[in-house]
Amino acid sequence: MVRTNIARPTGILRDYIQSFELKMFDTHSDGIRKPLHAFHEILISLIIDSKKPLFEPICTDISSYFCNKPPYAGVMGLQTNMKGFLVFKGRFKVFNIQFKPIGFSCIFQIPALSLKDRFLDGYELFHHELKDLHEQLHEEISFREMVRLTEKFLERKMATNKDLWKNECILKASNSLICEPNTFSIQELAHHSNMTIKTFERKFTVLAGIPPKLYARIRRFNQAIELKLYHEKLNWLDVCVKTGYFDLMHLNRDFKAFAGLPPRAFFEKTPPVFENFVPL
């Protein structure tokens, strides 16, 4: 089992960061295969005092996706389909920064669209700044101190963005897709943002990485996975109702598009990793 310490951001970062997570686990002689299906959040992953996981692509077309050598500090953009598996064998300690829809773009002034379906070396993207933080996280410090240092790093980056206020409307609308996913239609979000649908979709796509309708679909798909993973007794029809799917056919369609398999087969053949979350 993976033990995951989790903390929510404080202050101004709450609008831009979903969570900070420290994952710790030891696979012993076995291994953990984590499926890399479609995912709706950008991640910065910092591997601490551990070896690199391997990457198993599902087909040769994406064999160079990680070049089988993921960096120790990686930035994973939004994923729109199944890529393969990260294979962990041994003892691992991984610190993750999970961003809200346009949080990464707002903080680092890098369009999320340029990261879509990619996994980049964090050092190449951020140079010495991320390396300095990474080295600090290798020290024998508490999870609370890790979060504090990371927040300072993000706040410094955010302070350099003088145009942060220009994305306020998109920020509120995009965060609604996380906090209230079934409350507003894309048309309503565009209206509340004082934009035409075309303008809203264009700006959202650049800042979040994918169009808003696709983002909402992938977010709901991941919600269905999480609900079933942590509530095994729920049948798939119950999952449909609780996550806003119209019917099982609709659910099956998204699983095939985003995970390569229908839901039952996905959980049997490529089960997601169960985590024990411990809040700060």
Subject >> K83 with D117: basic N within carboxylate O range, under 4.0 Å >> reply: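 Between D117 and K83 there is a salt bridge, with a charged N closer than 4.0 Å to a carboxylate O.
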Using a 3.5 Å distance criterion without hydrogens, assess whether the side chain of [X] forms a donor-acceptor pair with backbone atoms of [Y].
| X | Y | value |
| --- | --- | --- |
| S19 | A7 | no |
| N222 | I218 | yes |
| N175 | D15 | yes |
| Y230 | E275 | yes |
| E188 | S185 | yes |

Original post:
Using 30° and 60° as the class limits, which term best fits the ring planes of F108 and F153: parallel, tilted or perpendicular?
Top reply: tilted
Original post:
With respect to D26, which candidate in K93, K89, R91 satisfies the salt bridge (Lys or Arg N to Asp or Glu O under 4.0 Å) definition?
Top reply: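 Among K93, K89, R91, the one meeting salt bridge (Lys or Arg N to Asp or Glu O under 4.0 Å) with D26 is R91.
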**OP:** Please say whether the positively charged group of R220, taken as NZ for Lys or CZ for Arg, lies over the ring of Y245, i.e. under 6.0 angstrom from the six-membered ring centre and within 45 degrees of the axis.
**Re:**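 Positive - R220 is close enough to the ring of Y245 and near enough to its axis.
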Heavy-atom side-chain contact between [X] and [Y] under 4.5 Å:
| X | Y | answer |
| --- | --- | --- |
| R217 | R253 | yes |
| L227 | D238 | no |
| L280 | N5 | no |

Subject >> Near-ring test F184/H192, centroid separation under 6.0 angstrom >> reply: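 Centroid distance H192-F184: below 6.0 Å, so yes.
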**OP:** Say whether V239 and F246 are linked into one hydrophobic cluster, either directly or through other cluster members, by side-chain heavy-atom distances under 4.5 angstrom.
**Re:** no
